[in-house]
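Below: the structure, in structure tokens.
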Amino acid sequence: MARRNRSGSDSPSTGTTKAGTAKTAPTKTAPTGRKRQADAGDGAAKPSRLAQIRTVYRLTRERDPRALWWSLVGLVVPIVLATLLGVLVGPLWMWLPIGIMVGLVSAMNIFSRRVQRTAYAEMEGQPGAAAGIVERMRGDWRLTPAVAINRHQDVVHRVVCRAGVVIIAEGRGRGQRELLGNEVRRIRKVIGEAPVHDIVIGTGPGETPLPKLQGTLMRLPRTLRRGEVDPIERRLRAVTAPVLPIPKGPIPRNIPRGGKIR
């Protein structure tokens, strides 16, 4: 006779109950192709940034051998001053980290300025250099490059900002001032009472050197409100005649007849 358990049922099959209540282990999914590509892209981006830093450092050192020494001076001087303050005034453990942080920031700032100075020296004298500087500026600087140009590669650019309308002329001869005067007269008829500023890029009297262009634009008084900039820009766009397209930044030289840049 078959034995009954305490619940009154026939002898239970314990194996089936355990198998029914057993939990399945979660399976790990393999990474998809997009994740693999993203991981590979992140891994490839890090060496490229380091390579860019090395390239910038090498080019800057070739054109400005004193850049490294000035950066070291900016690093060492704050550390020395902090060490002296720690010995004479207060605890060294408090002043020394402050000197190291200030030295690192100072060295990076000096090196970046030397790099910028080297880049401006390379761009100076090339048509389109002023437009390249304005394009890299932070803030609301609405640039329209090459609104006027002549056969001698004298170029006039227009910038609309809260300071008004800024006309920037650059070139090698006297044609840039003629283009500048014509553009200023034409713009005054369109924008009415809005301020107009004119800047001539160069090293002569009354001219602004290319490395000082960014500082000159930043020092212009902000006389317009944010809502007044858009209507002025729309009016100028409506009356701007199309010109021959030019590449952004400085125009490359020594282009062969086939049109490909060496």
Side-chain angles (χ1 to χ4, degrees), residues 109 112-113 115-251:
N109 190 16
S112 64
R113 288 182 178 275
V115 171
Q116 189 178 25
R117 178 180 176 182
T118 303
Y120 287 162
E122 292 291 327
M123 296 168 59
E124 196 166 5
Q126 300 183 16
I133 292 177
V134 177
E135 286 176 350
R136 292 169 176 81
M137 290 178 59
R138 296 180 180 179
D140 190 10
W141 305 93
R142 307 182 185 185
L143 171 69
T144 305
V147 293
I149 187 172
N150 60 15
R151 61 179 181 178
H152 301 293
Q153 292 187 348
D154 298 324
V155 189
V156 171
H157 313 291
R158 185 181 68 224
V159 181
V160 181
C161 58
R162 293 189 60 188
V165 181
V166 184
I167 309 299
I168 304 174
E170 57 178 337
R172 303 178 186 175
R174 299 179 180 177
Q176 57 180 349
R177 294 189 177 274
E178 297 179 1
L179 292 176
L180 179 67
N182 295 335
E183 187 66 19
V184 168
R185 287 191 294 270
R186 188 176 69 89
I187 285 177
R188 289 189 183 278
K189 298 178 182 179
V190 178
I191 63 175
E193 299 297 329
V196 180
H197 308 275
D198 58 277
I199 298 175
V200 179
I201 302 299
T203 56
E207 299 178 346
T208 303
L210 186 65
K212 297 182 179 181
L213 174 60
Q214 182 173 351
T216 302
L217 292 175
M218 296 296 294
R219 286 192 297 269
L220 292 177
R222 307 297 194 264
T223 56
L224 298 180
R225 299 177 181 177
R226 296 185 182 275
E228 297 176 344
V229 178
D230 292 333
I232 293 176
E233 186 183 14
R234 285 195 293 267
R235 291 181 206 165
L236 293 175
R237 284 184 178 181
V239 299
T240 300
V243 297
L244 293 176
I246 63 172
K248 294 183 179 180
I251 299 176

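Between the side chain of Arg222 and the backbone N or O of Leu220 there is at least one donor-acceptor pair closer than 3.5 Å. Panel note: side chain Glu207, backbone Thr203; a donor-acceptor pair is recorded below 3.5 Å. In this structure a side-chain-to-backbone donor-acceptor pair under 3.5 Å is present from His197 to Ala163. Glu170 contributes a side-chain N or O that, together with a main-chain N or O of Gly128, makes up a donor-acceptor pair within less than 3.5 Å.
Across every non-hydrogen atom of Arg177 and Val200, the tightest pair is NH1-CG2, 3.9 Å. The two residues Val155 and Ala146 make their nearest non-hydrogen contact at CG1-CA, 3.7 Å.
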Evaluation steps, side chain to side chain contact (heavy atoms under 4.5 Å, CB included), between Trp141 and Met218 = CA-CA 10 Å; Trp141 305 93; Met218 296 296 294; 3.7 Å; yes
task = Show your working on side chain to side chain contact (heavy atoms under 4.5 Å, CB included) between Leu224 and Ile232 and close with a plain yes or no.
result = CA-CA 10 Å; Leu224 298 180; Ile232 293 176; 3.7 Å; yes
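Between Leu213 and Ile168 the shortest side-chain heavy-atom distance falls below 4.5 Å. Between Leu236 and Thr144, every side-chain heavy-atom pair lies at or beyond the 4.5 Å cut-off.
Between the CG atom in Asp140 and the CZ atom in Arg162 there is a gap of 9.0 Å [rounded to 0.5 Å]. Taking CD1 of Ile199 as the start and NZ of Lys212 as the end, the distance is 13.0 Å to the nearest 0.5 Å. To the nearest 0.5 Å, atom CD of residue Glu183 and atom CD of residue Glu178 are 14.0 Å apart.
With Asp198 as reference, Leu180 is the one residue of Val156, Leu180, Val165 to meet the side chain to side chain contact (heavy atoms under 4.5 Å, CB included) rule.
For the side chain to side chain donor-acceptor pair (under 3.5 Å) condition, the pairs that include at least one residue of residues 223-232, sequence neighbours left out, are Arg142-Asp230.
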